[in-house]
Amino acid sequence: MKALKIAAMLPWLLLISGALWAATQYGEATVEKGAMTVIREGRTLKFEQSSQSVPINEQDLIRVRPDSLVELKSRENATITLGSNAVFEVKPWQSHGSSGFLRALFGRFRSVVAGLSGGEQFNVKTATATIGVKGTKNRPQVNNRGAVLIYAEEHPTYVHGQTGGELKVDEGNVSLTFN
């Protein structure tokens, strides 16, 4: 009888433990054009252009393929459009009093953030800078040496260099951060 009870409970225990160990979802991506590769837990997942969204989890590595365009909607109410060959890592980070989940390793992207209130910010980390966004649109680009070029399209964008100083990039202006 005990063995029967244990056998009946085992599927529930496995289900609960799987839910506890499952990766936290960060957002959803839609491949607007071309293809995207997601590296998740050592597996390579490939996605083609589709209207279906793909769950993106913390710890995922996103690689936008050549001649492709991907739209990522994050849990921070940001819409990030990733351009061809962009590479992003979704991993929690903290730097100089800022924190976030996205690391832009390479490529161009456009972020539009809406619905933030008070002191909330959406931040993207690069090798040389942290880009802070408050209800704004901007167009950053990260090159293969980690340099960051930012065009503030609407409202100010804030950039923190590796030394910790903050630079306000006003609407219509450009900032370049490099090692």
Side-chain angles (χ1 to χ4, degrees), residues 22-32 34-47 53-66 68-114 116 119-153 157-167 169 174-179:
T24 303
Q25 186 171 336
Y26 174 72
E28 294 184 343
T30 305
V31 181
E32 301 286 333
M36 164 182 76
T37 302
V38 174
I39 304 203
R40 178 178 295 151
E41 298 172 355
R43 293 177 294 142
T44 301
L45 310 170
K46 296 181 181 184
F47 302 94
S53 61
V54 175
I56 299 297
N57 297 333
E58 287 182 23
Q59 309 302 323
D60 283 355
L61 182 74
I62 304 166
R63 170 76 194 269
V64 180
R65 305 312 301 171
S68 299
L69 190 68
V70 172
E71 184 176 90
L72 172 63
K73 293 186 185 258
S74 78
R75 65 178 176 219
E76 299 112 339
N77 296 321
T79 301
I80 305 102
T81 305
L82 311 175
S84 277
N85 300 313
V87 181
F88 275 75
E89 183 178 34
V90 183
K91 185 176 181 180
W93 58 266
Q94 289 185 344
S95 176
H96 303 292
S98 296
S99 62
F101 290 91
L102 273 184
R103 295 171 187 250
L105 303 178
F106 181 82
R108 294 179 183 186
F109 63 100
R110 178 176 188 243
S111 60
V112 178
V113 183
L116 297 180
E120 292 181 319
Q121 264 195 341
F122 168 73
N123 297 302
V124 177
K125 179 102 173 106
T126 72
T128 58
T130 300
I131 304 163
V133 183
K134 290 183 180 179
T136 188
K137 294 180 183 176
N138 59 43
R139 294 180 185 258
Q141 177 179 342
V142 181
N143 75 9
N144 61 352
R145 295 183 182 247
V148 179
L149 177 70
I150 298 172
Y151 169 64
E153 191 173 330
T157 296
Y158 298 88
V159 180
H160 297 267
Q162 288 179 329
T163 59
E166 180 178 78
L167 172 67
V169 183
V174 175
S175 169
L176 176 61
T177 306
F178 52 93
N179 284 334

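Below, all heavy atoms of this structure are taken into account, side chains as well, without hydrogens, waters or symmetry copies.
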Distance-only, no hydrogens or angles: does the R65 side chain make a donor-acceptor pair with backbone N or O of T37 under 3.5 Å?
no

Between E76 and V113, is there a side-chain heavy-atom distance shorter than 4.5 Å?
no

Which atom pair, heavy atoms only, marks the closest approach of D60 to P55?
OD2-O, 4.3 Å

Within the distance-only criterion (no hydrogens, no angle test), does the side chain of T30 pair as donor or acceptor with the backbone N or O of E32 below 3.5 angstrom?
no

Nearest 0.5 angstrom please: I131 CD1 to T157 OG1, how far?
8.5 Å

So OH of Y158 and CG of N123: to nearest 0.5 Å the spacing works out to 12.0 Å

As a test of understanding, state which of T126, L176, V159 forms a side chain to side chain contact (heavy atoms under 4.5 Å, CB included) with V148.
T126

Here the pair of heavy atoms bringing L72 nearest to G27 is CD1-C, 4.5 Å

Under 4.5 Å between any side-chain heavy atoms of R103 and P92, yes or no?
no

Take L61 and V87, measure what side-chain contact (heavy atoms from CB on, under 4.5 Å) needs, and give me the verdict at the end.
CA-CA 7 Å; L61 182 74; V87 181; 4.0 Å; yes

Could you go step by step and tell me if R110 and K137 meet the side-chain contact (heavy atoms from CB on, under 4.5 Å) rule?
CA-CA 7 Å; R110 178 176 188 243; K137 294 180 183 176; 3.3 Å; yes

Go through it in stages, so that I can follow the logic: the residues are H160 and S95, the test is side-chain contact (heavy atoms from CB on, under 4.5 Å), and I'd like the CA-CA distance, side-chain angles, deciding distance and then a yes or no.
CA-CA 9 Å; H160 297 267; S95 176; over 6 Å; no

Main-chain N/O of I150 paired with S175 side-chain donor or acceptor, under 3.5 Å:
no

Determine whether L149 and V174 satisfy the following criterion, side-chain contact (heavy atoms from CB on, under 4.5 Å), listing intermediate values before the conclusion.
CA-CA 7 Å; L149 177 70; V174 175; 3.2 Å; yes

T81 side, atom OG1; R139 side, atom CZ - distance, nearest 0.5 Å
8.5 Å

Counting only heavy atoms not in R108, do more than 12 fall under 6.0 Å of its CZ?
no

Spacing of Q94 atom CD and K125 atom NZ [to the nearest 0.5 Å]:
11.5 Å

Reported CZ-to-CZ distance for the pair F122 and R75, which is rounded to 0.5 angstrom
11.5 Å

Looking at every heavy atom in both F47 and V38, which two are closest together, and how far apart are they?
CE1-CG2, 3.9 Å

Any sub-3.5 Å donor-acceptor pair from S84's side-chain atoms to S68's backbone N or O?
yes

Without swapping roles, check the side chain of T24 against the backbone of E58 for a donor-acceptor pair under 3.5 Å.
no

What is the distance from atom CG of L102 to atom CD1 of I56, rounded to the nearest 0.5 Å?
10.0 Å

Specify the closest pair of heavy atoms between N144 and F106, including all atoms of both residues, with the distance to one decimal.
N-CE1, 3.5 Å

Please state whether the rings of Y26 and F101 are parallel, tilted or perpendicular, taking 30° and 60° as the class boundaries.
tilted

Which heavy atom of G146 sits nearest to which heavy atom of T128, and what is that distance?
O-OG1, 2.7 Å

Of the non-hydrogen atoms in L69 and G83, which two are nearest, and what is the gap between them?
CD1-CA, 4.3 Å

